[in-house]
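Heads up, the thing below is written out as structure tokens.
Residue numbering restarts at 1 for every chain, and letters A, B, ... go by the order of the sequence lines.
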Number of protein chains: 2
Amino acid sequence: MPRRRYRQFCPLAKALDVLGERWTLLIVRELMTGPKRYTDLRDELPGLATDLLAARLRELHHGGIVERRDVPPPTPAVVYELTPRGHALDAVITELALWGRPLLQESIDDYLPQSALLLGIKTLFHSDAAADLDETYHLEVDGRPVAVQVHDGTVDVAPDSIAERPAVRIVTDTKGFINLARGQPQAARIEGDPDALNRLGRVLDLS
Amino acid sequence: MPRRRYRQFCPLAKALDVLGERWTLLIVRELMTGPKRYTDLRDELPGLATDLLAARLRELHHGGIVERRDVPPPTPAVVYELTPRGHALDAVITELALWGRPLLQESIDDYLPQSALLLGIKTLFHSDAAADLDETYHLEVDGRPVAVQVHDGTVDVAPDSIAERPAVRIVTDTKGFINLARGQPQAARIEGDPDALNRLGRVLDLS
DNA sequence: CTGCATCCGCTTCGATACTG
DNA sequence: CAGTATCGAAGCGGATGCAG
């Protein structure tokens with residue numbers, strides 16, 4: 001818990017007392033896709049000072065949002081994972097992301113953390129445009145593969161996994177993906193059915 | 001727009017670039033119930049320095065969230081009001097408030113702004129417990145009257161308005177209301193049907 | 001190598017005073 | 001009423017150090 005509090009009898013103010021500090025919700029976003037180690041968190045959040053990450057994790061632990069767990073050998077490590085209370089922030093993050101979606105247009109030369117890629121795909125997904133669609137896409141950004149599965153008007157995003165028999169394979173880097181999301185495919189290696197790429201473009205749209 | 005940005009291609013990070021600074025979302029909450037003047041905002045947000053309020057309003061204006069408008073005579077003034085983009089933050093605030101609801105238990109000696117009272121009532125409202133309910137309650141906290149109308153499983157909250165023929169009238173102050181929300185009615189003047197008070201208590205519940 | 005703590009320069013915040 | 005000016009305190013970002 002930070003020292004600075006709003007001191008208001010208001011559910012919004014109370015939530016912001018816990019979540020409102022810089023980096024806090026981005027750390028929660030990182031943990032949304034599963035437990036992570038301290039160093040992995042730091043690597044995915046450039047600009048966040050190491051001691052500040054430690055402080056935020058302490059506050060999140062104290063707030064009942066994050067649990068610290070020792071992973072036994074063979075690969076001993078400390079991982080941080082969300083509690084149920086932490087996972088309940090999914091709705092908060094979803095709404096903030098939906099609101100923030102138009103702002104992605106302004107993005108230039110930004111970093112693309114793995115979890116941001118996953119959240120981005122979920123946020124750009126248009127359920128109504130995917131009603132009759134049922135296929136899988138292979139996406140690979142900066143060497144990190146993601147399987148995107150569209151099915152029954154929903155999207156499933158699996159990190160670090162190879163899609164089997166994808167309708168289209170897109171291999172690119174951060175810049176290429178950002179341009180792709182803007183509807184300007186360049187610097188991307190695309191293999192497969194061009195129609196499938198168009199279908200993907202309609203389902204995952206920035207506008 | 002603040003100078004500090006996350007520089008991530010992520011809809012959450014982009015939203016937080018605009019909304020993540022201290023006080024920003026609380027100012028939006030204040031404006032959610034209608035336009036307000038500079039001084040009214042400052043009075044409802046104790047602890048917020050005047051120059052910081054000016055800076056936040058500038059940023060919110062620049063971000064397309066708040067519009068500055070001159071009200072012509074007979075009562076000339078400057079008011080700030082939300083744009084459609086600003087009103088779209090309703091869902092964000094609602095989710096944050098729902099998540100923060102349990103934290104209200106910890107509240108001691110807090111300030112209760114008018115808009116926090118309204119948001120609090122909307123957040124504490126249990127739709128399922130109000131399915132067959134159709135009545136109006138008069139609530140008055142620190143001299144500010146609020147008409148709470150429960151109807152068809154929804155709640156309507158009208159600030160600065162007197163409820164007509166309310167099922168119960170509750171007149172209290174900040175401390176009294178906070179205790180009331182915790183289920184400890186004390187220091188509150190209550191008039192009307194005791195059963196109606198119980199019904200209100202089931203519909204508006206902290207737990 | 002991981003998981004921090006410490007130090008330092010800069011920015012932001014909070015409180016008060018002051019002005020058109 | 002609607003802000004700007006000023007200033008000490010706290011928070012942040014980056015680099016470095018260090019124990020397990």
Side-chain angles (χ1 to χ4, degrees), chain A residues 1-8 13 16-27 30-31 35-62 66-81 110-111 113, chain B residues 1-8 13 16-27 30-31 35-62 66-81 110-111 113:
Chain A
M1 199 78 154
R3 258 182 293 287
R4 275 185 192 158
R5 277 175 278 195
Y6 288 115
R7 312 204 48 151
Q8 294 192 0
L16 292 176
D17 277 343
V18 180
L19 308 170
E21 310 292 303
R22 200 163 164 73
W23 294 107
T24 303
L25 274 177
L26 292 190
I27 294 170
E30 287 298 318
L31 297 177
K36 280 210 171 80
R37 290 181 303 176
Y38 185 91
T39 320
D40 296 332
L41 286 171
R42 203 176 51 70
D43 291 344
E44 292 284 62
L45 298 170
L48 167 59
T50 161
D51 67 327
L52 197 55
L53 173 56
R56 290 291 177 267
L57 286 171
R58 234 177 292 131
E59 292 160 13
L60 284 168
H61 178 75
H62 186 255
V66 159
E67 203 57 53
R68 199 187 131 107
R69 189 158 56 89
D70 288 299
V71 174
T75 50
V78 182
V79 294
Y80 297 87
E81 64 181 346
D110 280 350
Y111 183 69
Chain B
M1 198 80 154
R3 259 180 293 290
R4 273 185 193 158
R5 278 174 276 195
Y6 289 115
R7 313 205 47 149
Q8 294 191 1
L16 293 175
D17 278 342
V18 180
L19 308 170
E21 311 292 302
R22 200 162 164 73
W23 294 107
T24 302
L25 274 177
L26 291 190
I27 294 170
E30 287 299 319
L31 297 177
K36 281 213 171 79
R37 291 181 303 176
Y38 186 91
T39 320
D40 296 331
L41 286 172
R42 204 175 50 70
D43 291 344
E44 291 286 62
L45 298 170
L48 167 58
T50 160
D51 66 331
L52 198 54
L53 173 57
R56 291 290 177 268
L57 287 171
R58 255 195 308 272
E59 293 159 15
L60 284 168
H61 178 75
H62 185 255
V66 159
E67 203 58 51
R68 197 189 132 108
R69 190 158 56 89
D70 287 300
V71 174
T75 51
V78 182
V79 295
Y80 295 88
E81 64 182 345
D110 279 350
Y111 182 69

Touch class at under 4.0 angstrom, heavy-atom based, for B:Arg22 against every strand present: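 If one applies the 4.0 Å heavy-atom cut-off, B:Arg22 turns out to touch the sugar-phosphate alone, with no base involved.
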
Touch check for A:Ala49, heavy atoms < 4.0 angstrom, all strands: base, sugar-phosphate only, or nothing?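 Base contact.
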
Got a donor-acceptor contact below 3.5 angstrom from the B:Tyr6 side chain to the A:Trp23 backbone?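 Flag set: sc B:Tyr6 to bb A:Trp23 pair under 3.5 Å.
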
Given 3.5 Å as the limit, does a donor-acceptor pair link the side chain of A:Tyr38 with the main chain of A:Thr50, or not?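 Pair found, side chain donor or acceptor close to backbone of A:Thr50.
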
Rounded to the nearest angstrom, tell me the gap between atom [atom1] in [X] and atom [atom2] in [N].
{"X": "B:Leu53", "N": "C:dT16", "atom1": "CG", "atom2": "C1'", "result": "16 Å"}
{"X": "B:Arg68", "N": "D:dC1", "atom1": "CZ", "atom2": "P", "result": "15 Å"}
{"X": "B:Leu41", "N": "D:dG3", "atom1": "CG", "atom2": "P", "result": "10 Å"}
{"X": "B:Asp17", "N": "D:dC12", "atom1": "CG", "atom2": "P", "result": "15 Å"}
{"X": "A:Leu52", "N": "D:dA15", "atom1": "CG", "atom2": "P", "result": "15 Å"}
{"X": "A:Asp51", "N": "C:dC8", "atom1": "CG", "atom2": "P", "result": "14 Å"}
{"X": "A:Lys36", "N": "C:dT2", "atom1": "NZ", "atom2": "C1'", "result": "17 Å"}
{"X": "B:Glu21", "N": "D:dG11", "atom1": "CD", "atom2": "P", "result": "15 Å"}

Distance check: side-chain N/O of [X] vs OP1/OP2 of [N], anything under 4.0 Å?
{"X": "A:Arg4", "N": "D:dC12", "value": "no"}
{"X": "A:Trp23", "N": "D:dG13", "value": "yes"}
{"X": "B:Tyr80", "N": "D:dG3", "value": "yes"}
{"X": "A:Arg56", "N": "D:dC12", "value": "yes"}
{"X": "A:Arg58", "N": "C:dA5", "value": "yes"}

Enclosure of B:Arg22 CZ (heavy-atom neighbours >12, cutoff 6.0 Å):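 Yes, CZ of B:Arg22 has more than 12 neighbouring heavy atoms, counting only those of other groups under 6.0 Å.
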
Quick check: any donor-acceptor pair below 3.5 Å linking the side-chain of A:Thr39 to the base of C:dG3?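 Not at all, since no donor on one side and acceptor on the other fall under 3.5 Å apart.
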
A:Arg68 vs A:Val78 side-chain heavy atoms within contact, under 4.5 Å: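 The answer is yes; the side chains approach within 4.5 Å.
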
Nearest 0.5 Å please: distance from the CG atom of A:Leu16 over to the CG atom of B:Leu19.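 Here the interatomic distance stands at 10.0 Å.
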
